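Heads up, the thing below is written out as structure tokens.
Bear in mind that the values here come from a model prediction, so they are computed numbers and not experimental data. We use all heavy atoms of the structure for the numbers below, so side chains are in, but hydrogens, waters and symmetry mates are not.
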Amino acid sequence: MALLGVETLVNASIMITLCIDFTFTYMMEGFPNFAHTSYASIGAIVSFYFTRIMGLNPYATWPLSIIAGGATGVLLYILVVRPIKRVAKNTEITLTLTFLVMSYIIRSAGNIFSYWSRYFMGAQTRYYNLSGFDFSWNGYKGITIVSSMTCLLLVAGIIVFITRNKLGMSMRATSENGDLAAVLGINTDVAHMTSWFLSGGLATLAGSIMAVNGGVYASSSDVLMVTVMSAAILGGLYNIYGAVVGGLLVTVAQDFLKKLFFLVFGLVAVRWQDLTPIVFLLGAMVLFPNGVTSINELNIQSLLRKASKLLGIHEN
């Protein structure tokens, strides 16, 4: 049994996509969006609705999912983020708690959709699973190929966007110093709304990928949020390149450890798998508070001394 398989490619694509848009929000607004992974359930719902009820191919629903997520992100910025920033003193704390509440609101909206879909459309939606609508090619699931190619194109497109495109560069300038960017004539409102559209759209795209890759529960966003945070911190919260690196590292490590524990301990290891992202989150915060892309700031000697104390080894 291989410790890493082709499914790791799909998991990495999902995680990298979620990390990039989580980093977008943190760079632009300066707070962790705890409703971020709840957007993924919106993507799963959109794909589920248009596939199961409207009869579309699941891959054809992805643009619709991106539009729905992007529109949600822009509305949240206009109706929630911008008003709070104008009046609140401790905006970071206020926004963090507000979007923690928002994650429950989105989850409740998903439950309302499930009720409507089940009792009025005859479609069971407690678990958004579209894997039965996928195709296969040379023995590989279609989602493995499509998600990997989509992720590569997204990463390349975003890098070009933020480094070559005028709007992308205005977003970078706004994230560095919003007041100075406004003085220089940059429309910071447009920059913020673009960031929220991208973060919302990419998160819902990840949810659509998850739906085809075996399904997703609307209530599974909490564990997913911990994993995304650990990957984003590991890569560096102010670095799009770091989001890619962190998402890839955490996915590979988690998939490797899950299969290793299964081989060693058997089915009982399934009960521990939710602890893996928490361990990664704690490790990332302690060892790489600025991300692995700033690894030169890591004090190796200090880490060795801490490890020695924990292991009861005394230096001579």
Walk me through whether Trp196 and Ile78 qualify under side-chain contact (heavy atoms from CB on, under 4.5 Å). CA-CA 10 Å; Trp196 280 88; Ile78 294 173; over 6 Å; no
Minimum side-chain heavy-atom gap [X]-[Y] below 4.5 Å:
X	Y	value
Lys141	Ser136	no
Ile20	Leu154	no
Met15	Leu248	no
Thr96	Pro32	yes
Phe161	Leu198	yes
Thr23	Tyr26	no
Thr72	Val74	no

Under 4.5 Å between side-chain heavy atoms, hopping through other hydrophobics if needed: is there a path connecting [X] to [Y]?
X	Y	result
Ile16	Ile159	yes
Met102	Leu79	yes
Phe197	Val160	no
Ile105	Leu97	no
Val190	Leu180	no

Please walk me through it: do Leu76 and Asn33 pass side-chain contact (heavy atoms from CB on, under 4.5 Å)? CA-CA 11 Å; Leu76 288 174; Asn33 181 359; 6.0 Å; no
Where [X] and [Y] come nearest, the two heavy atoms and their spacing:
X	Y	answer
Ser65	Ser47	CB-OG, 4.5 Å
Val216	Met210	CG2-CE, 3.5 Å
Gly30	Glu92	O-CG, 3.4 Å
His192	Glu29	ND1-OE2, 2.7 Å
His36	Ser199	CE1-O, 4.1 Å
Thr8	Thr251	O-CG2, 3.9 Å

Atom [atom1] of [X] and atom [atom2] of [Y]: how far apart are they, to the nearest 0.5 Å?
X	Y	atom1	atom2	value
Ile14	Cys19	CD1	SG	11.5 Å
Phe34	Leu95	CZ	CG	12.0 Å
Leu18	Met225	CG	CE	8.5 Å
Leu167	Ser195	CG	OG	10.0 Å
Ile158	Leu153	CD1	CG	11.0 Å
Asp134	Ile145	CG	CD1	9.0 Å

Is there a donor-acceptor pair under 3.5 Å between the side chain of Arg172 and the backbone N or O of Ile162?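 Confirmed, Arg172 side chain pairs with Ile162 backbone.
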Is the backbone of Ile143 close enough, under 3.5 Å, to the side chain of Tyr59 for a donor and an acceptor to pair up by distance?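 A pair under 3.5 Å: yes.
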Does the ring-ring contact (aromatic ring centres under 6.0 Å, His included) test come out yes or no for Tyr140 and Trp137, once each step is laid out? CA-CA 5 Å; Tyr140 294 100; Trp137 183 77; 7.4 Å; no
Among Ser38, Ser41, Ser108, find the residue that satisfies the side-chain contact (heavy atoms from CB on, under 4.5 Å) test when tested with Ser103. Ser38
Test Trp62 against every option in Val146, Thr204, Asn57 by the side-chain contact (heavy atoms from CB on, under 4.5 Å) rule and name the one that passes. Val146
Evaluate the criterion side-chain contact (heavy atoms from CB on, under 4.5 Å) for residue pair Met27 and Ile240; output intermediate values, then yes/no. CA-CA 9 Å; Met27 285 172 58; Ile240 295 297; 4.0 Å; yes
Show your working on side-chain hydrogen bond (donor to acceptor under 3.5 Å, both in side chains) between Tyr39 and Asp21 and close with a plain yes or no. CA-CA 11 Å; Tyr39 298 167; Asp21 41 25; over 6 Å; no
Apply side-chain contact (heavy atoms from CB on, under 4.5 Å) to the pair Asn213 and Asn11, showing each step before the final yes or no. CA-CA 9 Å; Asn213 188 45; Asn11 295 335; 3.9 Å; yes
Can you confirm whether or not the ring centre of Phe99 sits under 6.0 Å from the ring centre of Phe31?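 Yes, the ring of Phe99 comes within the 6.0 Å limit of the ring of Phe31, centre to centre.
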Plane angle bin for Phe113 and Phe48 - parallel if under 30°, tilted between 30 and 60°, otherwise perpendicular: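 Geometry flag for Phe113 against Phe48: perpendicular rings.
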Are more than 12 heavy atoms from other residues, nucleotides or ligands located less than 6.0 Å from atom CZ of Phe135? yes
